[in-house]
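Here the structure comes first, spelled out in structure tokens, and everything after it is commentary.
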2 protein chains.
Amino acid sequence: MSNLQLSHTNTPTWLYRGISEIFPNQPDSQDANDNLAQRLALTKRPLRVKLGIDPTGADIHLGHSIPVRKLRAFQDAGHTAVLIIGDFTARIGDPTGKSEVRRQLSIAEVKQNAETYLDQVRPILDFDTPGRLEIRYNSEWLAGLDLTKILDLLATMTVGQMLAKEGFAERFQQENPIYIHEFLYPLMQGYDSVAIQADVELGGTDQKFNIAVGRDLQRHFGQTPQFGLLVPIIIGTDGVQKMSKSLGNYVGLGENALSMYSKLEKIPDALLEEYFELLTNLPLGDLPKEPRDRQKLLALNIVTQYHGETAAKEAQNAAADIVKTGFTAQADAVPEFPLANVEFPAKLFYILKVSGLCKSSGEGQRLIKDGGVKLEGDRVSDVDLTFDSPAPLDGKVLQVGRKKFIRLIS
Amino acid sequence: MSNLQLSHTNTPTWLYRGISEIFPNQPDSQDANDNLAQRLALTKRPLRVKLGIDPTGADIHLGHSIPVRKLRAFQDAGHTAVLIIGDFTARIGDPTGKSEVRRQLSIAEVKQNAETYLDQVRPILDFDTPGRLEIRYNSEWLAGLDLTKILDLLATMTVGQMLAKEGFAERFQQENPIYIHEFLYPLMQGYDSVAIQADVELGGTDQKFNIAVGRDLQRHFGQTPQFGLLVPIIIGTDGVQKMSKSLGNYVGLGENALSMYSKLEKIPDALLEEYFELLTNLPLGDLPKEPRDRQKLLALNIVTQYHGETAAKEAQNAAADIVKTGFTAQADAVPEFPLANVEFPAKLFYILKVSGLCKSSGEGQRLIKDGGVKLEGDRVSDVDLTFDSPAPLDGKVLQVGRKKFIRLIS
């Protein structure tokens, strides 16, 4: 291939940056089957690097971006990223209906989620260079599996091996029911590796078992087993728990520049190094000494990745403005306004009046028209903006001019 | 249907004869869903009565005949026997290759075994009355199952339920590997009941779990669950262990009349009642007092079922002859001849000479030509009959005329 730029060196620093584990891993081995660096050095074709995507949810955050960024590093070294959209599993859902995680989705929902996902990772991955990206839907090979092939898949593992898997072990111990079809999910994910002939599979540390199943199945089907490359599960902006949408300690890839910047410039000092390592390409030896400078550099760099340099700089300035004018980094300093005082559905100009940010609905409408109203950092231009319920406003800062803020609380 | 003769009585004695268990079983219930007698009394159509056949082996014995005889009783009461040939499972075998029980068979082998099976049960079942017999191959519905449907099947049971099954429980306890595909076999057998919409499934007592799985799956697919009707596992001719080909304590349905008779007229007294109940339709209250008379009646009745009355009477006479002339019922009385003295391959006339039953190979050939030689009760007519190894002769009685016997021993 004309655009193949394989990185032929035995110490690819991009490979080792910010990873938790490679397996198998014999760093001194000359054998390309147990030393990934050696495999990279010796391969005469682009490797196929798999990342599985669960299209049951749409919004993704910086934690999800970590394996995607590693995938980009492989692309930049000349290899092929293979994104697997797990549409088959998502469309099946959980036949018992007992799992919220495996809610059954319609084809349209899966398609929509997959597209939203791809939009969000577009700034990270190389979508344009020919041969660098393959997007595959696993229904392509799973929907057609018949009972003979499935028996063959199931026969590759014992009940004991499966019950040793994290998650199953505890449930079995505690006599919580494990439905037999649940044993099939790791095997389906493993079969994805067979179907696309993966050389490497990326995933969080919680994916080790599934990736190992992929290795076993590839061996069973006469393929060279893939390498597993595991990346850490990142701690959220609270500095305590792993980043998660439900805990609210996340930075979404779809957030606007100011919102993203504001969260990132407050990352606790103890997390900064890990964030730099996992979420930027900056050389870790050259970081500023001052914690505040490091926070700002981190925020600027990450926002630049998703929104470009200009927007990132603007967000930095806007955030500084807010700080200068009293909307400090500490959320506590912003007065709260309970949305219980508002009757929904409600126009925004009405909320401006009820909350005391302006004197009348008329003034509220004028302020919006003149561009003087911001909601969570975004300028509002629609005078008729209406909310059916308090939910989308909860926790957001409503701002008039430079000096008046309230935080809406439901 | 013109030939429907449903037995509308609340106490069908044919139903209860010689069974181990019916489930569900509420004999006083008026509900046709938990009282099989009530179901039989109320049904307005022939019930569909399932018996699964494993076509991995060809020869079957009286133990196997017990559920088939019960199936015949249902046919005689106007119902439809549905024989399921498990060709799908037999053709798959065991993907791990670890199970001798589940050796993978070719389509031709399965077909051959199924035909041999049907030939052997032909004397028991009603093959002729229209609507009384359906023969189905389960590949018809199993081969086409896709992953979506299989996930649905697997989701009907938990790992804990499956591990409670006899066989699995001990292996799991002892940490002997259970391969995951083994969990599918009970579900496949259960799905057979769904596919043919069984009202009743017959089986040995070891089939209770699998038949119960069939009930669960039928319920899952919106059908009325089948009744399970379990028959005993019969003790073999040794009076000690369950009848089994490998233990040699069996009476094969394919055996000739004399061989069958000779074995049955020696059934230990303690087993006679059970044999009469399970293997004949004779009224149990009218049996002869004398044990020897009972043995002869049992043997005559059963041989008649498979070979007709004339052949059975002949066999009885031949056996009596043998007894009169010294070939007593006690095997020990027949002198043994070790086949180690014979060089294989060997012609039968040569064995006659070497063993001392005649003076020369020429005399042996003449004796065969004149019809004076019997092997295990069957007259030999092929002068050139040759054996490649001692195996097919082991334990058989070789007889010249009426008075000379030896038992060949390898």
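Hydrogens, waters and symmetry mates play no part in the numbers below; they use all other heavy atoms, side chains included.
Contact annotation for residues 157-176 of chain B against chain A (heavy-atom separation below 4.5 Å, listed by residue number): B/Met157, B/Thr158, B/Val159, B/Met162, B/Leu163, B/Phe172. Among the residues in residues 190-197 of chain B, none has a non-hydrogen atom closer than 4.5 angstrom to a non-hydrogen atom of chain A.
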Can you list the steps and then say if A/Leu184 with B/Leu151 is a side-chain contact (heavy atoms from CB on, under 4.5 Å)? CA-CA 8 Å; A/Leu184 251 169; B/Leu151 280 163; 3.7 Å; yes
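Note: B/Phe183 CZ to A/Leu154 CG = 10.5 Å, rounded to the nearest 0.5 Å. With values rounded to the nearest 0.5 angstrom, B/Ile180 atom CD1 is found 10.0 Å from A/Leu153 atom CG. One distance of note links CZ of A/Phe88 with OG1 of B/Thr148; it measures 3.5 Å at 0.5 Å rounding.
Heavy atoms closer than 4.5 Å to chain A are found in the side chain of B/Ile150, but not in its backbone.
When every heavy atom of B/Leu147 is checked against every heavy atom of A/Met188, the shortest pair comes out as CD2-SD, 3.6 Å.
The residue among B/Leu142, B/Asp146, B/Leu145, B/Ile178 with the most heavy atom pairs within less than 4.5 Å of chain A is B/Ile178.
Taking a 6.0 Å sphere around CD1 of A/Ile107, one finds it holds 12 or fewer heavy atoms contributed by other residues, nucleotides or ligands.
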